Amino acid sequence: MDKPEKSLQRKINYLIVYAVISSTMFLLFVLTSFAEKDRKENMDELTVKKINLIGEDGSLRMVISNETRQHSGRINGQDLAKRERPAGIIFFNNQGDECGGIVAAVSEQGKSINSGMSFTMDNYHDDQVIQLLNDETYEEGKASVQRGFIVREFPVGSDLISRQNKMAALEKIADAKEREQKINELFEKEGAKKRVFVGRTTKSDAGLFLYDENGKAKMKIYVDKSGKPKVEVVDDKGQIKNLVQ
């Protein structure tokens with residue numbers, strides 16, 4: 001009876017040694033794989049729903065994502081609340097804050113369909129101030145189209161997070177009229193003002209449009225829908241004078 005028992009014991013010892021060696025080798029393989037900081041992969045095609053590009057410190061530099069998984073944005077190290085955002089690319093600066101992006105989407109509402117694509121650059125700690133835009137809306141055979149380059153401006157020291165917090169407080173005002181008035185005052189004081197537009201307007205005018213620091217139109221150099229060239233200046237009272245007669 002001793003020989004069978006010794007044989008069985010040797011087999012058990014062998015299995016134990018084999019299990020230990022194989023587990024150790026597998027663990028070393030896994031650790032070695034993760035330890036290769038500069039590991040490079042070559043492939044012909046990659047299909048994913050989201051890609052996060054990070055800096056050496058681990059903070060975001062760029063997010064490529066579909067609309068479902070898109071990053072909500074980050075300002076001053078704080079992620080913004082989850083919100084609907086189109087598929088595209090969101091850029092982050094070396095401080096980890098969002099600084100612009102490229103997005104595209106099509107939406108339908110009733111008989112209206114909107115198709116748009118936008119490339120934006122953001123104000124530091126705030127929203128977009130430079131935009132290359134294509135915005136098309138079609139409904140029952142009619143079109144409203146705007147295409148062009150836009151420059152906006154926020155007050156110096158503006159901050160998106162601070163403005164959003166103020167907006168949230170104003171949204172709690174019970175009286176609808178007072179709430180709307182306070183919100184309009186906030187945007188008038190801290191919101192972006194358009195300064196330059198170059199492109200095609202929704203009225204089919206094509207040209208250069210300039211605005212003052214309050215966002216009021218001051219000069220327009222364009223060709224209107226009928227093909228007539230115009231150079232217009234606008235005074236402080238909103239009166240328009242065409243310099244081309």
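From a predicted model like this one, the values you see are computed outputs, not experimental measurements.
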Can you name the residues that form a side-chain hydrogen bond (donor to acceptor under 3.5 Å, both in side chains) with Glu180, not counting sequence neighbours? none
Sequence neighbours excluded - salt bridge (charged side-chain N to carboxylate O under 4.0 Å, His left out) pairs with any residue from residues 101-124: Lys111-Glu140
What distance do Asp126 atom CG and Ser162 atom OG have between them, rounded to the nearest 0.5 Å? 9.5 Å
Would you name the heavy atoms of [X] and [Y] that are closest together and state the gap between them?
{"X": "Ala104", "Y": "Pro86", "answer": "O-CB, 3.6 Å"}
{"X": "Asp235", "Y": "Lys237", "answer": "OD1-N, 2.9 Å"}
{"X": "Pro155", "Y": "Gly191", "answer": "CD-O, 3.8 Å"}
{"X": "Arg61", "Y": "Ser59", "answer": "NH1-OG, 2.7 Å"}
{"X": "Ser158", "Y": "Arg163", "answer": "CB-NH1, 4.4 Å"}
{"X": "Pro229", "Y": "Val244", "answer": "O-CG1, 4.1 Å"}

Distance-only check: which donor-acceptor pairs under 3.5 Å involve side-chain atoms of residues 207-216, not counting sequence neighbours?
{"unit_1": "Asp212", "atom_1": "OD1", "unit_2": "Asn214", "atom_2": "N", "d": "2.9"}
{"unit_1": "Asp212", "atom_1": "OD1", "unit_2": "Gly215", "atom_2": "N", "d": "3.1"}
{"unit_1": "Asp212", "atom_1": "OD1", "unit_2": "Lys216", "atom_2": "N", "d": "2.9"}

Just by modelled atom types, is the Gln128 backbone N or O under 3.5 Å from a matching donor or acceptor in the Asn123 side chain? no
Just by distance, do the side chain of Asn76 and the backbone of Gln78 share a donor-acceptor pair under 3.5 Å? no
Going by an N to O cut-off under 4.0 Å, is there a salt bridge joining Lys230 and Asp224? yes
Do the side chains of Arg74 and Asp79 get close enough for a salt bridge, i.e. N-O under 4.0 angstrom? yes
Residues that [X] engages under side chain to side chain contact (heavy atoms under 4.5 Å, CB included), provided they are two or more places apart:
{"X": "Ser107", "answer": "Asn114"}
{"X": "Glu171", "answer": "Met167, Arg179, Ile183"}
{"X": "Val106", "answer": "Ile113, Ser115"}

Give every residue pair that meets the side-chain hydrogen bond (donor to acceptor under 3.5 Å, both in side chains) criterion with at least one member in residues 144-155, sequence neighbours excluded. Gln131-Arg152, Asn134-Arg147, Glu136-Arg147, Glu153-Arg195
Is atom [atom1] of [X] surrounded by more than 12 heavy atoms (other residues, nucleotides or ligands) closer than 6.0 Å?
{"X": "Lys50", "atom1": "NZ", "value": "yes"}
{"X": "Lys82", "atom1": "NZ", "value": "yes"}
{"X": "Lys182", "atom1": "NZ", "value": "no"}

Pair listing, ring-ring contact (aromatic ring centres under 6.0 Å, His included) test, anchored in residues 47-90, at least two apart: His71-Phe92
Excluding sequence neighbours, so at least two apart, what forms salt bridge (charged side-chain N to carboxylate O under 4.0 Å, His left out) with [X]?
{"X": "Asp205", "answer": "none"}
{"X": "Glu84", "answer": "none"}
{"X": "Lys166", "answer": "Glu190"}
{"X": "Asp236", "answer": "Lys218"}

Co-membership, hydrophobic cluster, residues [X] and [Y], 4.5 Å side-chain:
{"X": "Val151", "Y": "Leu133", "answer": "no"}
{"X": "Ile221", "Y": "Leu243", "answer": "yes"}
{"X": "Leu53", "Y": "Phe91", "answer": "yes"}

